[in-house]
Structures are given as structure tokens and as C-alpha cells.
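Read through the structure below, which is laid out as C-alpha cells, and then see the notes.
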Amino acid sequence: MQKLIVVGNGMAGVACVEQILKHSPKFEITIFGDETHVNYNRILLSSVLAGEKSPDDVVLNGLNWYEENGIRLRLGVRITNVDAEAKTVSGDDGSVTAFDKLLLATGSTPIVPSIDDVKRDGVFVFRNLDDTRALLERCRPGLKAVVIGGGLLGLEAARGLQVQGCDVTVVHLMETLMERQLDPVGGSYLATKMNQLRITVLLGLSTTAILGNGKVERVQFKGGGSIPADLVVIAAGIRPRVDLALQAGLQVKRGIVVNDYMETSHPDIFAVGECVEHNNTCYGLIAPLLEQGKVLAATITGNKGPRYEGSVSASKLKIMGVDVFSAGDFSEKVDGTETIRYEDPSIGVYKKLTLKNGRLGGVILVGDASDSHRYMEWLRARTDLGAMRRHLLFPPAAIDDGLDAAHLSDTDTVCGCMGVTKGAVIHAIHDRRVSTLAQLKECTRASTGCGSCTALCQQILKAVVPEFQEEIKKTLCKCVPFSEDSLREILRSQKLKSVQEVLEIYGDGIGCEVCKPALSYMLDMLWCGDHDEDRSARFINDRVHANIQKDGSFSVVPRIRGGVTSPDELRRIADVADKYQVRMVKITGSQRIDLLGVNKSDLPKIWADLGMPSGQAYTKGVRMVKTCVGTDFCRFGTQDSTSAGIELERRLENLYTPHKVKMGAVGCPRNCAEATVKDIGLVGQEGSWQVVVGGAAGKTVRKADLLITVAGTDEALEAAELFFQYYREHANYLERTYDFVERIGIEKVRKETVYATDMSKQGLLDRLRKSKALAKDAWLERNEPRTATQFVQITPMEVFA
Amino acid sequence: MNSGRTWVRVTECKNIPLRQGRTVRLGEREIAIFNLGSRFLAVENRCPHQGGPLSDGIVTGSSVVCPLHAWKLGLEDGRVERPADRPHKCVETFATKIENGTVVVEIPLTRGATTCHDEAMIDLCVSEPSRLDRKELSARAYESAFDFLA
């Protein structure tokens, strides 16, 4: 067996080794990596910084992969010398290792511009997992972070720091952000988007010094201006690491020079990845590096034949809500170049295509990169666009969502990073019995790069595998194309506090009757009172705190806790009914009294006359707790269900929930108040309470699941509170507890509420109490209406007869 | 100004909150006026489906969603945008302008032909039995529209 040494344990080197293993087992392979981590996905480091992924999530090949393939892995060893004649490499651990073939996959190093005192404490680069960890340890909410460099990496770092709560400024030397990928107009659209994310962008500024007493305090620019900084991230670009190649006497220009077979100037030394220069071009994006790896694997295993002929460079910014895609050559200078542009500043969309000889030359997409696949395919295949001239920017409307995948041919690329075609995906499904996204990733590596093809992969799986179940949840709506789980996380981490702000950054800027109330709920749940309560985003019931009826009148339901009232209250209700000529007074199914047919303008007066709080019967909130008379009067009562129910209602009232929450408390298993078909029920029995959740007696009937059985009333109430807050934080808007419990599974619900760690339980209770402390009886708005015309019709300024 | 129409000064702009509607009664008509930020749009306050108060709806772009059964109406032309098979139905629209911070609405002097159909047509539309199909609304819009009525 020949000895193959690979210097570099990064994405390009290891991907090439994967390809070599596919050819034949003719090598004894040793991989040296100067980092102490197994092979991971460097592209996703910005997601690690943003807290969206853990370091474990980005691992591509775990230790077992090396073992299974008989690869010796030497982590934490930096190769310091290559002796091309003796065919050995020496490491900084003193080791000398002989090779038959050497593969240099040394990648690149960050460029650190000449800035005074750049080594000061608090200055970071952002290149590998250790840099990311160091940054994560240092960054704190409120810190002032300055990112030097407004390219892909700099912007992704800026967004990660901003999500961590830092106050972020990006300083860029050029006048255009991502000037290698965007033209000035595209750059300004991107700058606007970054500003909306509350990241400050300073352009055309050259950083000259980092000032401070020991640690970073300010960043100074040419011309003398400066801004405060608690930490600085340098992301000014990368440079191929070529020192070993130079030592080995290889031909090196900017990178290690290779030919179409990926051979260097030495017959037994090869190179792949960012350290390589092919046809005067160095590539820094993953897709070309993987193409190189495939060619090199053929060459090095004696199957020389496939040629690497350069790649179409394409890049995509990976910031949630900020779509930027750029590919090919978008300059307009060459004669005969046609340019097609579209821009809409109000929604932040900019598209530009350049055409040369009727074929796509380059493309820039900002604000909407949903068509990037189409353009990549046109670039790769050099498609003649003559017949498509009318649909270059806007494809004909798709008939259904599946059309995208159906229209791809088998040779079309699905995953640009890993170079996986649609044919390869279908092959994997049929021949290797792939039926889930996870298996597809494992089998073909599709969607393991930047992840932007995940939806496409799922479409194909869905179309071809009958039993395929979608793994990601559906999005809130077309206006805001994110799942509610991600939205809650975005709102929380980015401290977004108004519906319009969310729509502008993450949506279409407009919103609809589906997403606006959902976002309003999320903001209230997360910030409760400390948010911008925008009534225009609320259903009418939540604008005037009453239930709209079929004729446009309203119903009024005062809160009667536990259904226990008094002669005084009943008299006031009767007086109100008389005074305002209420059309119907009705006792409802859940022990409520409903006053029907009330004019909107009478609402505040009625609330004042009643002197009772809102029963929240009109909203997605805490309804009254239905109780039986329990031990107070009933011969059979075993628990004081009336008091327990009233206390439960007091603890939760005035809070809002994803959907209405109906509760019941019964004093014995005869279940007179029907607690076992409520969202939350307390069922008393001799010596204990059963707390049950997820019951229903509406469109469907479902018996509630047992959450826990406890001895004391306090414990029962706490269990109910835990479930209540867990439901508030995890359910989708308009998802009743019975759907929620079925979706999550009662076992998991138990594990994350009543059987959770003390710390998680305390967290749930603390957040519940914090919201509760800020929650107010909505009917108090009678004293302080939101606007002068909240309840009344406008009186015209002039008479019109 | 068209003959047979007159401009009526209604209210200060600030009395109609951004992206919300408010009603005003002018003669026989109840009119819903919406604040869309850069402009105000006015329509009759009566959904062509079952007479719902459009002023209480959620505004989406330049349309409003009726609070009763989630019919969606364009505020510029008064046309029904959802359900999709009711293009012949509409509400009357009224021209508006802003003068010195006041919303001014143009009203026909008599209750005559509306912008897109005549009285007979209105009667026909209103008396037509509701055939609102669940599929016409997204399941969620349907939920939010009907759950409150339970």
C-alpha cells in the first residue's frame, strides 16, 4: 500500500479523501490537521456564532468515519516542513512522516490588514471553530462590536454578533458592500437590509489603528475619526496558505498552481481547495473545491482522465431574511453585454442579469434569491435564452409548489455545494432506499453544505417517496416564510418588538390577516407589555375587547371566576342589561353570562357599570375555569375544586395564549364540570389531584391526557402553570392544546414540564410570572382608550344631508 | 368635480390610526375610511357577502379582510378578491383627498348607480345564498374568521 499524507483536515481535503476512498483502497491515509477538531462544515460557523447551531451540529465526519475507513488522524499537529526529495513531512510535534503521495489542502489564512495595535486584547479573526468559540465567550448583550470588512464573512459575523445582542458596526474599506459579488446598486440594497437588522454600516473607511488601554476601546480611521468598540472582528478577506508549497519548491503564484488534472509541478505532490490556483483563479467557495476534489481523486488513484476546467463562481449570503445571491460576471463594461434590471425599493428587491450573446453572463439577486437555482443552471449549461426573453426575471407562474422540482432534468444540479444532481438524488431513493432527508444527506451529501437546497431536496423526496414526511414545519404564511418556531426565536434573539418591523425585515412588508395576529401574539408572549402593541395587526375582537357578532354588534362576558357570583354582581348585570337595552342575556355552556347585541360605542360604559374584569371570551386567552361545588356543599366531593378553580383562574387570567384555553376543576371523578375534556383540567380524588391536559369537546371530542398526579393543591396548580407556559411558548398560533399535545406527544410534554429539571421548571414559572405581572385587565382601556376613536364612530366635520 | 357629487370634510387624519379603518355616517351611507399611511381610501362599510363591517377588518396592503367571514376586498376598486369566483361583486368606493391634515371624501348627492353595478345587482348579490367554500380560504384564515363566532 502506498502512503498518502493529507495536510489539512478541512472541507476540501476531506471531501477529496472521500472521493479517493470511492476509487480504490490503494492508500494508507494519514490526515494532519492543525485544529483540534474533526472535519466540520466551515460554511456554517456563522450559524454557530448566531447560536442557531451548536459546534456538534456542524461536524461533517465524526471520529468513527476516520476509524471505519482506516484513516490515521493527527489532530493539533501543524506540518512545518515538506522535504520533496526525501518525501517526508515534519510536524511541530517533532514527528517526521514519509509519504508516497502528498496532498496539500492547507486552505487559507485570514488577511489581517496593517492596522496599529491589531494584536490588542479583544481583537478577533473569524475563520475557524476556535475563533468562533472565543468570540462566543467574549460577546455579551450590549457590547459594541466592530467588524472590519463588509464581505460575505464580515456580514455573517456581524449578524451573528447582533443576534448575540451586540451593538454592531461594519466598517468596509470600499464604497460597496460585498463589492466582489455586487454592483453599487445591489450593495446599497444590501446596506439598507443590514440597517434594518440594526447593524450600522460605514463605507469607504480605512481602519488605521485600534486604540485602548490594554484592551480594545476605540477603532480609528484614516483621517482621524474613531468609534467606540468593546470587541473587533477582522474579516478583511483570505489568502491561500502556500508556505509549505514554497518550501517544497512547487510553482506558486497567488496560490499553488495546478493544471486541469489538479497536478502541481511535482509529480507526487497534489493540491486541492482554497490554497490552489487554477487558470489564474483561486476559489474560496465550496462548490468549486468539491469539483476539484473529484478530479484530483481520479488523478491520484491512477484513473487520470477527468479534467477540472474551472467553475462558475457563485455565492450566497447566509443571513436569515437577507437574500443575496451573485454568480458569474455581472460587469457591464464589455461590448455587446446586455443588462436586465429590476428594482423595487419599497420591498428591497433588486435583480440584475447580464447577457452575452444571448446567454447568461452573470446575475445579482438581492432581497429575493428564490430563483437562484434557475440562474445557476443557465450559467452552468450556457443555456440559449432566446426563447425565454419574456420570462428572464419572472418565470411563468408555477401551477403548484412541486413544479420546481418536476421541471428539473436529471442532469440539473440540486445541491450546488456538493454537486449533486437530481438524477443522483432519485438514484439514491430508488437504489439505496433513501426515504428521509437525513438519509439523503448521509448517502449523497446533498444539502450538507450551505443548506439552501434543503427545500428542493424535500420536494424531490416528497414527489418520489410515497411515505415521505416533511421534516421542517410549514411556514407561518406567504408573507413571512418562516416556521413559527424560527420566528419566535428570531423575535426573541433580535429583540424585535413590533409587527411591522418583523414584516419589513423578514417578510413582504405588508402582512395579512393570518400572520399579523400570529406575530402580535408572539410579541405579547415574549415581551408582554414591553412591546409595540399595534392594534391594526389585531382582529377586531382584540381591538375593542369584545366578540363581534353577525350583525356587527358585540357581546360582553364579564369574568366570574370559577362561576361563583354574588347577588350584587347579578344585580349590576341586570341593571346594565336594562340600561343599554341588551338584546339577550344568556347563560353559556361554560358557566358564563353573555350580554349579546351591544353597540361598540357602549362597550366602555358597560364595562364601567359592571365593575367586573374581562372574561376574555372574545380572544385567544384564558377563559373562565368551570368548577363544581366540590367539598363545600357536595356529598361526594373529595377536594375543594371551587377554591382550586378560582385560584387557577386568578393565576392565569389576563394572559394571552396561542388559542383559547378552557379549564375545569372537579372535586371528584364524577366530573360534573367536565374537566377531562378541557385544555387543562384538575380532577380531584381522595387524597390527590390528577392534572390532565389536551382535552376537547368542540369540533372533536378528546379525553385529556394525564400530565401528573400530585397530593397537594399547590402542586396541582404549579403543574397546570408549567403546562400553560410551555404551551404559550411552543404551540403554533391557533393550535389548540389537543392538537399541540398530539403533535408534541404527551411523553415529551411531561418530560419538558412536570418532569423537567428544576432549572427548566423555574425558567417556565419565572417567565410566566413576569408576563403575569405585566398583564392587565383589558377592560381598563375604558379609562385610557388607545385612540380617541377606538370605540366611537367619527362625527363628520361638516353636515351632509 | 363631477356634477351630482360633493366633497365632504370628514375628520382630522390623526383620528384614523395607521392601517386601520373608521366609520362615518354621511346621509344614508355608512362609509369606512382607511388610513394606508401615504393615503386614505374610502368604501361603503358593508361587505357584499353578508353585510359585515369592513371598517373592523384587518388591512393587508391596499385590501381589507372582512371580520365576519374573511372575504377580502380591494379598497381601490371595491372588488372582491377572495373568494376568487365572485369578481362581479363589489362595494362602492369613494374618492378621497387630504387637505390641511383633514380627510375629505367625495359623495354622490343621491344614492344612485354604484361604480360597478346597479341596485338590482346589489339585491341579487346580497340575497344569493352564501356558498363560501372552505377551500377558498386558507384553513387558517377560515379558523381565525370563524372561531370567534363559536
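Small disclaimer: the values here were computed from a predicted structure and weren't measured. Within every chain, numbering begins at 1; the chains are lettered A, B, ... in the order of the sequence lines, protein sequences first and strands thereafter.
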* Asked: Are more than 12 heavy atoms from other residues, nucleotides or ligands located less than 6.0 Å from atom NZ of A:K478?
  -> no

* Asked: Measuring heavy-atom distances to chain B, does A:S555 have an atom under 4.5 Å in its side chain, in its backbone, in both, or in neither?
  -> neither

* Asked: Under a 4.5 Å heavy-atom cut-off, does chain A meet the side chain of B:V65, its backbone, both or neither?
  -> side chain

* **From A:R736, A:R728, A:K660, A:R702, residue fulfilling salt bridge (charged side-chain N to carboxylate O under 4.0 Å, His left out) relative to A:D679** => A:R736

* To do: Identify which of A:Q790, A:K600, A:R543 forms the greatest number of heavy-atom pairs closer than 4.5 Å to chain B.
  => A:R543

* Structure fact -> By side chain to side chain contact (heavy atoms under 4.5 Å, CB included), A:E798 pairs with (sequence neighbours left out) B:V8, B:R9

* Only one of A:W607, A:W779, A:F554 clears ring pair (Phe, Tyr, Trp, His ring centres under 6.0 Å) with A:F791; which? -> A:W607

* Any residue meeting side chain to side chain contact (heavy atoms under 4.5 Å, CB included) with A:D344, in chain and number order, not counting sequence neighbours -> A:Y342, A:S346, A:I347

* Asked: Which answer fits B:S63, side chain, backbone, both or neither, if we ask what part of it has an atom under 4.5 Å from a heavy atom of chain A?
  -> neither

* To do: Can you tell which part of A:R535 gets under 4.5 Å to a heavy atom of chain B, answering side chain, backbone, both or neither?
  => both

* Asked: Does a sphere of radius 6.0 Å around CG in B:N100 hold more than 12 heavy atoms from other residues, nucleotides or ligands, not counting ones at 6.0 Å or beyond?
  -> no

* Non-hydrogen atoms of chain B under 4.5 Å away: do they reach the side chain of A:T787, the backbone, both or neither? -> side chain

* Asked: Tell me, side chain or backbone of B:L18 under 4.5 Å from chain A's heavy atoms, or both, or neither?
  -> backbone

* Of the backbone (N, CA, C, O) and the side chain (C-beta and beyond), which part of A:D508 lies under 4.5 Å from a heavy atom of chain B, both, or neither? -> neither

* For the candidates B:D56, B:V10, B:V24, which exhibits the highest count of non-hydrogen atom pairs separated by less than 4.5 Å from chain A? -> B:D56

* Asked: Under 3.5 Å, is there a donor-acceptor pair linking the side chains of A:N599 and A:S601?
  -> no

